[in-house]
Amino acid sequence: MLYGAEHVKRYVETDGREGHIWQEGVPTLILTTTGRKSGEQRSTPLIYIEDGDAYAVVASKGGAENHPLWYLNLTADPSVRVQVAADKFDAVAHTASEEERARLWPQLALVWPDYDNYQSKTDRVIPIVVLERAS
């Protein structure tokens with residue numbers, strides 16, 4: 001099974017033929033943010049669901065007390081790059097509102113049930129990020 005940098009490398013090299021479906025029924029995309037301190041491009045594989053024309057991902061970090069770095073990066077600069085299988089596009093990221101989160105969380109937890117476990121491990125509200133294609 002692919003993880004981390006190797007997941008990103010194989011996904012990008014194969015236009016998602018390797019790595020898009022991470023496990024049976026678990027699709028992933030590649031999110032590229034700009035490092036808020038370094039200014040460098042940082043790519044992360046993330047489980048996603050489709051939400052109309054947008055995509056939703058979870059900033060879980062396995063239920064850690066702190067947000068993942070990619071989330072901190074996109075809160076500083078919401079202009080991101082996304083790859084879903086062979087489809088590559090610029091997008092704008094925003095943290096889901098309470099209403100959006102209430103609607104999206106159950107759908108995301110159907111794809112990856114551990115999200116509920118992650119939320120139970122931390123006091124922080126785990127954010128959902130919505131990725132919308134830039135116009």
Side-chain angles (χ1 to χ4, degrees):
M1 188 174 310
L2 295 172
Y3 292 101
E6 182 65 18
H7 190 161
V8 172
K9 180 179 184 290
R10 299 266 290 281
Y11 196 117
V12 170
E13 286 176 350
T14 67
D15 275 342
R17 285 186 306 280
E18 290 183 48
H20 176 244
I21 302 302
W22 183 55
Q23 296 180 21
E24 187 175 338
V26 183
T28 61
L29 56 72
I30 302 298
L31 175 66
T32 302
T33 60
T34 302
R36 68 197 181 290
K37 294 178 183 175
S38 69
E40 294 180 17
Q41 298 297 292
R42 307 281 186 198
S43 296
T44 306
L46 297 167
I47 295 167
Y48 74 90
I49 61 167
E50 292 183 47
D51 183 43
D53 293 336
Y55 297 90
V57 297
V58 179
S60 66
K61 197 177 178 183
E65 287 304 311
N66 300 313
H67 294 307
L69 295 177
W70 64 262
Y71 179 74
L72 299 176
N73 289 342
L74 67 77
T75 59
D77 181 357
S79 297
V80 298
R81 184 87 178 149
V82 177
Q83 181 174 344
V84 179
D87 187 18
K88 301 168 190 154
F89 55 93
D90 293 320
V92 177
H94 75 267
T95 301
S97 67
E98 285 184 36
E99 294 80 17
E100 286 175 305
R101 188 180 185 284
R103 178 176 59 80
L104 294 169
W105 185 272
Q107 297 173 53
L108 284 152
L110 278 176
V111 174
W112 193 250
D114 273 342
Y115 286 142
D116 288 328
N117 297 332
Y118 300 162
Q119 184 59 81
S120 71
K121 288 172 36 177
T122 184
D123 291 331
R124 72 180 170 98
V125 174
I126 293 177
I128 292 175
V129 174
V130 178
L131 306 166
E132 297 178 295
R133 285 179 189 268
S135 48

Colleague: Report the C-alpha separation of Val92 and Val80 in whole Å, then their side-chain angles, then the decisive distance to 0.1 Å, and conclude whether the side chain to side chain contact (heavy atoms under 4.5 Å, CB included) test is met.
Modeller: CA-CA 6 Å; Val92 177; Val80 298; over 6 Å; no
Colleague: Among Ile49, Ile21, Leu46, Val84, which residue meets the side chain to side chain contact (heavy atoms under 4.5 Å, CB included) test with Pro27?
Modeller: Ile21
Colleague: May I have the step-by-step check of side chain to side chain contact (heavy atoms under 4.5 Å, CB included) for Arg124 and His67, ending in yes or no?
Modeller: CA-CA 9 Å; Arg124 72 180 170 98; His67 294 307; 2.9 Å; yes
Colleague: Counting only heavy atoms not in Glu98, do more than 12 fall under 6.0 Å of its CD?
Modeller: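 Atom CD in Glu98 is not crowded, with 12 or fewer foreign heavy atoms closer than 6.0 Å.
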Colleague: Are side-chain heavy atoms of His20 and Leu29 found at a separation under 4.5 Å?
Modeller: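 Not in contact.
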Colleague: Between His7 (side chain) and Gly19 (backbone), is there a donor-acceptor pair under 3.5 Å?
Modeller: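 Yes, because the side chain of His7 sits within donor-acceptor range (under 3.5 Å) of the backbone of Gly19.
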Colleague: Quick check for you: to the nearest 0.5 Å, what is the distance between Tyr11 atom OH and Glu13 atom CD?
Modeller: 14.0 Å
Colleague: Could you give me the CA-CA distance, side-chain angles and deciding distance for Thr28 and Ile30, then say whether side chain to side chain contact (heavy atoms under 4.5 Å, CB included) is met?
Modeller: CA-CA 7 Å; Thr28 61; Ile30 302 298; 5.7 Å; no
Colleague: According to a 4.5 Å side-chain heavy-atom criterion applied to Ile, Leu, Val, Met, Phe, Trp and Tyr, with indirect links allowed, do Val26 and Val8 form part of one hydrophobic cluster?
Modeller: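 No, Val26 does not connect to Val8 through the hydrophobic network.
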Colleague: Please report the interatomic distance CH2(Trp70) to CG(Leu31), rounded to the nearest 0.5 Å.
Modeller: 6.0 Å
Colleague: Gln41 and side-chain hydrogen bond (donor to acceptor under 3.5 Å, both in side chains): which partner among Thr34, Thr33, Asn73, Thr32?
Modeller: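 Filter result, single survivor: Thr34.
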Colleague: Rounded to the nearest 0.5 Å, how far apart are NZ of Lys121 and CG of Asp114?
Modeller: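 Going from NZ on Lys121 over to CG on Asp114, the span is 8.5 Å.
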Colleague: Apply ring pair (Phe, Tyr, Trp, His ring centres under 6.0 Å) to residues Tyr48 and Trp22 and explain how you reach the verdict.
Modeller: CA-CA 11 Å; Tyr48 74 90; Trp22 183 55; over 10 Å; no
Colleague: Roughly how far, to the nearest 0.5 Å, is CZ of Arg36 from CG of Leu69?
Modeller: 5.5 Å
Colleague: Donor-acceptor check, side chain of Ser97 to backbone of Glu100, threshold 3.5 angstrom: yes or no?
Modeller: yes
Colleague: Can you give me the closest heavy-atom contact between Ala86 and Gln83, atom names plus distance?
Modeller: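 Looks like CA-NE2, 4.5 Å.
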Colleague: If you round to the nearest 0.5 Å, how far is OG of Ser60 from CD1 of Ile47?
Modeller: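 Taking CD1 in Ile47 and OG in Ser60, the distance rounds to 7.5 Å.
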Colleague: Charged N to carboxylate O below 4.0 Å: is that the case for Arg133 and Asp87?
Modeller: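 Salt bridge: yes.
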Colleague: Nearest 0.5 Å, please: how far is CD in Glu6 from CD in Glu18?
Modeller: 9.0 Å
Colleague: Tell me the closest heavy-atom pair linking Lys61 and Asn66, and the distance in Å.
Modeller: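 Distance-wise, the nearest heavy atoms are CD-O, 3.3 Å.
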Colleague: Of the non-hydrogen atoms in Gly63 and Thr122, which two are nearest, and what is the gap between them?
Modeller: O-CB, 3.2 Å
Colleague: Does Val130 reach the side chain of Tyr55, with side-chain heavy atoms less than 4.5 Å apart?
Modeller: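 Result no, sub-4.5 Å side-chain heavy-atom pair not found.
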Colleague: Looking at Ala59 and Pro68, what are the two nearest heavy atoms and their distance?
Modeller: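 Taking Ala59 first and Pro68 second, the nearest heavy atoms are O-CD, 3.5 Å.
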Colleague: For Val57 and Ile128: C-alpha separation, side-chain torsions, deciding distance, then whether side chain to side chain contact (heavy atoms under 4.5 Å, CB included) applies.
Modeller: CA-CA 6 Å; Val57 297; Ile128 292 175; over 6 Å; no
Colleague: Give the table of side-chain donor-acceptor pairs shorter than 3.5 Å for residues 101-112, with sequence neighbours excluded, one pair per line with atom names and distance.
Modeller:
| residue | atom | partner | partner atom | Å |
| --- | --- | --- | --- | --- |
| Arg101 | NE | Ile126 | O | 2.9 |
| Arg101 | NH2 | Gln119 | OE1 | 2.9 |
| Arg101 | NH2 | Ile126 | O | 3.1 |
| Arg103 | NH1 | Asp51 | OD1 | 2.7 |
| Arg103 | NH2 | Asp51 | OD2 | 3.1 |
| Trp105 | NE1 | Asp116 | OD1 | 2.7 |
| Gln107 | NE2 | Arg103 | O | 3.0 |
| Trp112 | NE1 | Tyr118 | OH | 3.3 |

